[in-house]
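Data block below; observations after.
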Amino acid sequence: MAAIKRTPGAVPPESVPPAPVPPARVPVEERAQATVRFAGDSGDGMQLAGAQFTSASAHAGNLVFTLPENPTEIRAPAGSLAGVSGFTIHFGAHSTRTAGDRVDVLVAMNPAALKVNHPALQPGGLAIVNADAFAPDEWTKAGYDANPLEDGSLAGVRLAALPINKLSRAAIARIKLSPREAERCRNFFALGMVYWLFDRPTEPTLRWIRAKFAMNPAVLEANSLSLMAGYRFGETNPVVPFRFRVPKANFAPGKYRKLTGNEGLALGLVSAAHRAERPLVFASCPIHPASELMHEMAELKRFDVRCPQAEDEIAALGLALGASFGGAIGVTATSGPGLSLQSEMLGLAVMAELPCVIVDLQRGGPSTGLPGKTEQADLLQALFGRHGECPLVVLAAATPSDCFALAYEAVRLAVRYMTPVILLGDLYLSAAAEAWRIPAVDDLPAIETPHLDANGSAFQPNLRDQRLARPWAIPGVPGFEHRIGGLEKNVETGYVSSDPDNHERMVHLRARKIAQIADELPALAVAGPESGDLLVLGWGSTQGAIQSAVERAQTSDLAVAAAQLRYLNPMPKNTAELLSRYKKVLVPELNGGQLSLLLRARFGVESIGLCKIQGEPFTVGEIEMKIAEILQSKT
Amino acid sequence: MAAIKRTPGAVPPESVPPAPVPPARVPVEERAQATVRFAGDSGDGMQLAGAQFTSASAHAGNLVFTLPENPTEIRAPAGSLAGVSGFTIHFGAHSTRTAGDRVDVLVAMNPAALKVNHPALQPGGLAIVNADAFAPDEWTKAGYDANPLEDGSLAGVRLAALPINKLSRAAIARIKLSPREAERCRNFFALGMVYWLFDRPTEPTLRWIRAKFAMNPAVLEANSLSLMAGYRFGETNPVVPFRFRVPKANFAPGKYRKLTGNEGLALGLVSAAHRAERPLVFASCPIHPASELMHEMAELKRFDVRCPQAEDEIAALGLALGASFGGAIGVTATSGPGLSLQSEMLGLAVMAELPCVIVDLQRGGPSTGLPGKTEQADLLQALFGRHGECPLVVLAAATPSDCFALAYEAVRLAVRYMTPVILLGDLYLSAAAEAWRIPAVDDLPAIETPHLDANGSAFQPNLRDQRLARPWAIPGVPGFEHRIGGLEKNVETGYVSSDPDNHERMVHLRARKIAQIADELPALAVAGPESGDLLVLGWGSTQGAIQSAVERAQTSDLAVAAAQLRYLNPMPKNTAELLSRYKKVLVPELNGGQLSLLLRARFGVESIGLCKIQGEPFTVGEIEMKIAEILQSKT
Amino acid sequence: MTLPLLTPADLDTDREVRWCPGCGDFAILAQLKQALSEAGVPREKLVFVSGFGCSSRIPYYLNTYGFQTVQGRGPAIATGIKIANPELQVWVVTGDGDGLSAGAGHLIHAIRRNVDLKILLFNNEVFGLTKGQNSPTSRVGTRTKASPLGSIETPLRPLSLALAAEATFVARTVDVDVHHLTETLLRAASHRGTAFVEIYQNCKIFNDGVFDYATDKSVKEEHTLHLEQRRPLIFGRDRNMGVRLNGVVPEIVQLNNGNGNSAGSSNHIDDLVIHDESGDDATLAFLLSRLSFPEFPECFGVFRCVDRPTYEGQLLGQIAEARQAHGPAKLDELLAGDETWTVA
Amino acid sequence: MTLPLLTPADLDTDREVRWCPGCGDFAILAQLKQALSEAGVPREKLVFVSGFGCSSRIPYYLNTYGFQTVQGRGPAIATGIKIANPELQVWVVTGDGDGLSAGAGHLIHAIRRNVDLKILLFNNEVFGLTKGQNSPTSRVGTRTKASPLGSIETPLRPLSLALAAEATFVARTVDVDVHHLTETLLRAASHRGTAFVEIYQNCKIFNDGVFDYATDKSVKEEHTLHLEQRRPLIFGRDRNMGVRLNGVVPEIVQLNNGNGNSAGSSNHIDDLVIHDESGDDATLAFLLSRLSFPEFPECFGVFRCVDRPTYEGQLLGQIAEARQAHGPAKLDELLAGDETWTVA
Ligand SMILES: Cc1ncc(C[n+]2csc(CCOP(=O)(O)OP(=O)(O)O)c2C)c(N)n1
Ligand SMILES: Cc1ncc(C[n+]2csc(CCOP(=O)(O)OP(=O)(O)O)c2C)c(N)n1
Ligand code: SF4
Ligand code: SF4
Ligand SMILES: [Mg+2]
Ligand SMILES: [Mg+2]
């Protein structure tokens, strides 16, 4: 594929799109998947363009996986590297479980966006660049020593440098807008161009524009015109002399939507509370990235979601725990620093045996660490981070859709077993999005509560049902008055007890209650052969990269399979047995090897670690390479 | 050994000691060790009696190990079970590393004391009981249905029921005292009797009484008289028709003192700060049992020990960390709930790489748990209880003397490697006491600080010496101004950095810094054969029970050895190799199996767990039995 | 008046009450039962939450719903309970250590939010349960095992702090004045919003007699002043002393006439401060919270009592508002979101 | 006067200052450098401690010793530094979120102890760094992503709280009034004990203009009042308004004569409150801390400044006392304890 580097200015600045001409027949490149990234300054509307392209691709029948990249600076100077905002869409017929390792088409609205994203471009990838933004002071601000469109630094890239400002302005010239308003249309021009490139339908976006800007007809019209002008520009102008075709995916029938990890969590929690017929009390203290979930929840008041903002994370869990005692579904969400602060309160939650859910959206640690980067290094903390023998349930969501499933499951288990549940997600997962088949509300599993003995006069808050759950006796009901607390309690009466044997029984009981949840968990399933040479075992958000890598590796003659642990404590009952069916186990993790340690600790299983601690998710390639290396050394 | 149960009242109530008669020749029982327990109501002066008996035994040339048992109630009703105070002395020629499994001689000053301590009496053990305290309302208060001195419930025990009140009163009749003062002498009578029984010198105690009551001659005289009367009563009255002889121990030459775990910690910390020539800032928030250490430290102001009382444990560690930044030795002490609260601040300590020591005196958990009971269940929390990859040094003291050694070592390592160090002790260890050979101050190891580059103009706070420690650049010195914090920092400049590769390097660097401390640690040593059938591996305060049990087991033909891990992170370099030299490894722990898990996680070593989670230390017998069981199953 | 639904004995549990003989907590527990029995809230709607300390054992001794939590976090947990179910009457029992040491932040935030909690702070000016260290309210110079040369920290005044935290109800009472104690608890019970009550409580073991000036019959009337709404600040055995303001600086004056009836005198009763618990501004209550022994009489009674919407009331109000605005909540619609597509 | 040892530029680091364009933090940083350069403390004796938030980035931008810690814990860490070395001048930079949310308890305790810290609370009434949620000082009704229907929590007034925590120095200033800002920082620097300064700071992005009434030239003089020691409380563009007390209730009066010189009038300047920052009692300062827009002018300047021994001074005093009493500390004697025995 020859790189057709165009000399800048090939499109004459004044080349306002001519009257429509019949579409030029250009060669079409077929792609099973493709990755498009829109990048520009924070104000350039890249998130919007990305979201629209995602919808368009979904409507076009592709699988989609998207990832926004927002600047960590709150308001970085215009044109600076720190101010670059990006949105990546990986779409295709199958295997789009990550945002894609490399970008096929990059839209760069300014030099900073080009600088930041150039390294991610596939060799031979296409860069659609807004040439109007490449004045010397602009490329200087981005840290270039010379105009990158001219100095050969983009060698190996197919460059389409267009005067997008001017083209867009020309397209909307007849509409009366302020200069600022006019400028803000240019993202639609770029978007239109990419729609042409991938043959996406423009109608959903036009519809969206009509709804969004209904109150502002001039802007409505301008955005629509700009989008269509971009499309037609692609059709009519030979600046990009090829198109892509990405075939439809094979979807299970159903109604779909786009779902981010955060949306999945929010919907899962609300659905569970709704099914449990209890109010949801979501108490939290803002912390990146969990605050985004807080914002989601704050919008759900009509579902009786009660969102107190707590003074700190200790109070947040305290509020949730109090709410659970009071009969609500108590939930809190935080990130590493908050989870650390909650250690003591988590101990109380375990001792009091109250249902509550702690969502930990992991980010780079330790301490404040890298607040804007992703990581998976809170696993051992979730398992062991409390004094005393203090077991609780730990889950980890694998995909945005799984965020829904496990948030729901977290509530279900918390209530069924009267236990706190830590649900691990991460920064990457919370922002990533994919297509989600919308479940029917009635198909969601029932939320059962432990049996509460109606014979109130003899009520004993520490007597258990067959699953070792104690009753959830909610204040307000006569006859069930009882006292709980952080002190050890008698195994029968629930009264405070410091009796030696009783303590040992209670410690074992708390441990067994959690351990035997495994009895009802789904078996750990593999993608690929049921036994063989290599199992690639992950947990949490690495699932996409792992499964894609394993899929690619399955083309070799060696038997490679993938599995993802979503239940970290307890683990599915078949875990040890499953692992033993493979000659080797590879554990890719975004930490120093915490699951590897756990597998050794729990099952004595030796695994090969693939640890990445760079604040960024795995690329498929990284895992693929490691698999290849292992398999090679095998043969 | 026939139990000579005496009918109560055998000593006539009015049997005031007659004029001295030549000592009756009674049979002498030889014992390698013996255990004596003084028990009575909180006000009965049992701690005092126990302390004096300990000194007397030390002066008599025995090894001693002592354990007080204070009531958990602050002021329980007089005569109640909750108000019983006890003090146990295990002394002998060797193997007195615990307070003894069973009591040979129990002094019980009231029915409640008898009730609580009767189960601990050896079959055939001697109970010296204050018969004057056994009025019906008194034994009712203690929960007896009948007078236990009369109803046969003490069968199997050698009972000496004496009217101690009256005997003591008679002895001091000529001294003018208030009734309350007169009553308070009776513990000395009982003590004197036990001195006779074990042939202890009375002079040290008489000297102590003279010093203590110098300001109150009447009380001085009365206490002395009562002590001597007790002694003579033993000599002259056949109520106990035998004596014990406990041979001297083989001590290394030197100057000795009694040392509790708490004293060991206090002295170790102060000595280290003294050697480092820096002030010691000991910041803490009262919590049982760590508050006792706080009280010790508060008395050491003349050693420039600065003891701020913090508002909570987060602030306590914050104060310590700030003090370290400011150039002092920052220390905090707490128990499980406090350690949990400190998780986030510990993360900051790791990230900021500042020297500080966190003493965790473990107690029964989880949550508030059993505040008055001992446990060893904070090990995994100490290792993993923080978000992110957050390694630090973890030590665990094995004996009261080791409390001194490891407190000193904790400071040394903290300063040398610029790292927080968690030093684990427990409630049992903090109160237990043994004889301690007083070290010469000059023999204590030097406290080195990492090299600080004198070339201030280019000062970089993140550059390291060969042991990977960064410099301790203390505010006040011109040219070394620098900024540190909880965010990830550049591996060279120390500036805030969110660069992916830099983060990975820093994570590895922090891990390596801690891991390679192992290079300078003493090898893990065994007591017993260097390889063989069974290694009993413990950590922390179980050393005494383990070593005694192994010593007893060594009489079999199978090769059994004991080892105690004092360095839990990193572990001594030979640990894995050492473990591999034994066919089996038994790990007794006062928790659910945390070291076992760690051994599997770190080395893939399978061990046999002996877990006791009853809030009480191991008895030697419990471990001995387990050893026997394992060795039997072997053969 | 509602008929009492409960007798104090109905609130007994079968647990042995364990405080030191002579501890002020016994009296408080007794009066608390008395007040609860008079307040007319059924037992099952009562929830007692505490942190940790001698005082925090209260929930175990009351046959209501109860939750002893961890050091200092009671107010947060109690807030959660009210959010889950505003129908419950939730009491928080805390101590000067529990509530003002680890718990100060949570206390302040509960108060400013005006969560409908009854917060009782047992102030014995010491950490009792941990065996007698100085607490945030210990007086300067207090010698304890943690401060053998005397405490060097200026004590917090719980009521000043509560007022600065925008409290809507603030009162003070004392363990031994059983009538006043019950009355004050009843007033707290009837307040809607956070009712913060400081109770002077004698710790027999570690701080015995620290409030003697305010409880000893022979002197207490000289050192205490009972606040009454819209009445002048008069105190003393002969009710012949009063508190007057010089600008905002309080001063004690001798009234010319014991009953304060002598007209035209310079130290006239009309010059005295008139208590107003319900003024817009908290300054008067703050001023009163600072009067302390030995310079001034210490005030007992209700310092401040004003109306402000409760936190949980407003929170649920917004939920009702949102439901009103959006119509009945349909989960399917929520799951579907703004944009869907269908695959056949 | 000491000659300046430092110029503001000496305090620059080589790090890029990263706040949003237009953020009030820039002005505060500039004046802080100015004040430090005038205060005469050598650079190596300066330590800046902060928690987390936009405001808490300050230490990274000053070429002194610095420690950015974790949310809300700055005061505790700073206290540790002072205990280790009282010679250092330690500044704590915090925000309304950092200092009053997670950090409220630590803040109060540092203040009551009177640790010699200069605590600057940048109050922008919002969590800036976490992208704009309401903070403990946000006004009721503030709409944020966390409170889409408006905040329902009564805001804390930082100065009231500091006063209730027994502060010895309390002041308020504002980002844009550069002269007043520098002066106030200098006053804080020269105070021995905790100097607590609230700085109104505009968050351009999430709470723009919330202090316009106090900073906008066209109106600010009607809404602000500059406190001057022993001077009456007068404000207004024409200095024709004043604050008077009715009991302890403040009220605004129109002065009959702009300069307040007209004798014998009923609204006379002599009736106005005279500011006294150094009175025994904190009530006046508390009263002033509660005056707020729109009912009242908001006060700027030093509300309170009194002397009290510092915490670390007393702590080290006790150590000196103990050393005096026991003679020089001998470690061997300590190790030996009271009772030893020798084995030959
Ligand atoms: C996290 C934690 N830190 C410390 C303690 C120890 N502790 C128990 S009670 C208490 C103080 C209680 O004082 P106060 O509230 O005044 O109660 P009082 O016993 O005086 O009634 C402390 C510090 C604890 N239980 N948990
Ligand atoms: C334990 C913890 N919880 C939450 C956060 C997230 N966090 C960072 S800054 C901040 C609030 C800062 O607000 P403020 O102090 O007002 O600073 P501003 O940004 O407004 O200057 C929060 C909640 C954190 N860093 N650590
Ligand atoms: S220690 Fe004090 S407060 Fe606690 S129970 Fe005893 S007397 Fe009461
Ligand atoms: S978010 Fe607000 S406070 Fe933070 S830097 Fe931006 S303008 Fe300043
Ligand atoms: Mg108290
Ligand atoms: Mg703020």
Side-chain angles (χ1 to χ4, degrees), chain B residues 55 58-59 61 251-258 263 267 270-271 274 279 281 283 300-306 308 310-312 314-315 318-328 330 344-345 347-348 352 438-441 474-487 495-496, chain D residues 13 15 42-50 52 59-60 62-71 73-85 87-88 105-106 108-109 113 311 315-316 318-319 321-323 325-329 331-332 334-344:
Chain B
S55 297
H59 279 101
F251 275 87
K255 200 160 95 176
Y256 285 80
R257 60 169 286 178
K258 230 180 355 173
E263 287 166 346
L267 297 183
V270 174
S271 300
H274 186 94
V281 174
L300 298 178
K301 293 194 168 49
R302 64 192 187 282
F303 288 92
D304 201 4
V305 177
R306 308 175 187 179
E311 56 271 23
D312 62 14
I314 305 176
L319 284 159
L321 201 59
S324 296
F325 182 67
E344 192 206 10
M345 189 61 83
L348 178 63
I438 301 161
V441 172
I474 295 167
V477 187
F480 292 90
E481 292 85 357
H482 68 286
R483 273 70 51 197
I484 58 171
L487 290 162
Y495 293 150
V496 172
Chain D
T13 68
R15 304 280 69 205
R43 194 168 65 181
E44 68 274 13
K45 296 233 159 145
L46 291 170
V47 181
F48 276 80
V49 177
S50 67
F52 221 78
Y60 288 121
L62 288 169
N63 189 8
T64 65
Y65 285 92
F67 194 176
Q68 181 182 39
T69 69
V70 284
Q71 190 82 74
R73 319 295 170 190
I77 287 163
T79 300
I81 297 173
K82 282 299 279 191
I83 293 171
N85 184 358
E87 303 284 288
L88 303 170
H106 306 299
I108 287 168
H109 283 280
R113 291 183 183 123
Y311 180 73
L315 194 152
L316 289 171
Q318 290 195 338
I319 286 184
E321 191 187 318
R323 296 185 133 182
H326 291 82
L331 189 59
D332 334 13
L334 178 69
L335 295 187
D338 293 337
E339 201 191 348
T340 61
W341 66 95
T342 301
V343 176

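Hydrogens, waters and symmetry mates are skipped; everything else that's a heavy atom, side chains included, is used. Residue numbers start from 1 in every chain, and the chains themselves are labelled A, B, ... in the order their sequence lines are given, proteins ahead of strands.
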Please look at [X] and chain B and tell me whether the side chain, the backbone, both or neither of the residue comes under 4.5 angstrom of a heavy atom of that chain.
| X | value |
| --- | --- |
| D/Gln318 | both |
| D/Ala336 | both |
| D/Leu62 | backbone |
| D/Thr64 | backbone |
| D/Leu315 | side chain |
| D/Leu331 | both |

- Message: Check whether B/Arg306 reaches the backbone of D/Ile83 with its side chain - one donor and one acceptor, N or O, closer than 3.5 Å.
- Response: yes
- Query: Hey, is the main chain of D/Leu335 close enough, under 3.5 Å, to the side chain of B/Arg257 for a donor-acceptor pair?
  - Reply: yes
- Between B/Leu487 and D/Phe52, does a side chain to side chain contact (heavy atoms under 4.5 Å, CB included) hold up when you go through it step by step? CA-CA 10 Å; B/Leu487 290 162; D/Phe52 221 78; 3.8 Å; yes
Please report the interatomic distance [atom1]([X]) to [atom2]([Y]), rounded to the nearest 0.5 Å.
| X | Y | atom1 | atom2 | answer |
| --- | --- | --- | --- | --- |
| D/Asn63 | B/His482 | CG | NE2 | 11.5 Å |
| D/Thr13 | B/Arg483 | OG1 | CZ | 6.0 Å |
| B/Glu311 | D/Arg113 | CD | CZ | 4.5 Å |
| D/Tyr60 | B/Tyr495 | OH | OH | 12.0 Å |
| D/Thr340 | B/Tyr256 | OG1 | OH | 12.0 Å |
| B/Leu348 | D/Gln68 | CG | CD | 9.5 Å |

As an exercise: rank [options] by heavy-atom pairs under 4.5 Å with chain B and give me the winner.
| options | result |
| --- | --- |
| D/His109, D/Glu87, D/Lys45, D/Glu321 | D/His109 |
| D/His106, D/His326, D/Arg73 | D/His106 |
| D/Asn85, D/Thr69, D/Asp338, D/Ile108 | D/Thr69 |
| D/Lys82, D/Arg15, D/Gln71, D/Glu339 | D/Arg15 |

Could you report the tightest heavy-atom contact between [X] and [Y], atom names first, then the distance?
| X | Y | answer |
| --- | --- | --- |
| B/Pro475 | D/Val47 | CB-CG2, 3.8 Å |
| D/Tyr65 | B/Ile474 | OH-O, 3.5 Å |
| D/Ala84 | B/Gly327 | CB-N, 4.5 Å |

Looking only at heavy atoms and a cut-off of under 4.5 Å, which of [options] has the most pairs with chain D?
| options | answer |
| --- | --- |
| B/Ala328, B/Ala283, B/Pro308 | B/Pro308 |
| B/Gly326, B/Gly486, B/Ala323 | B/Ala323 |
| B/Pro279, B/Ala315, B/Gly347, B/Ala310 | B/Ala315 |
| B/Gly476, B/Ser55, B/Pro439 | B/Gly476 |
| B/Asp312, B/Val477, B/Leu321 | B/Val477 |
| B/Ile314, B/Leu319, B/Val270 | B/Leu319 |

- Query: Under the salt bridge (charged side-chain N to carboxylate O under 4.0 Å, His left out) test, which residues partner D/Arg43, sequence neighbours left out?
  - Reply: B/Glu481
- Could you tell me which residues satisfy ring-ring contact (aromatic ring centres under 6.0 Å, His included) with D/Phe48, sequence neighbours excluded, listed by chain and number? D/Trp91
Using non-hydrogen atoms and a 4.5 Å limit, figure out which bit of [X] sits close to chain D: side chain, backbone, both or neither.
| X | answer |
| --- | --- |
| B/Ala58 | both |
| B/Phe325 | side chain |
| B/Leu300 | side chain |
| B/Ile484 | both |
| B/Ala352 | side chain |
| B/Val281 | side chain |

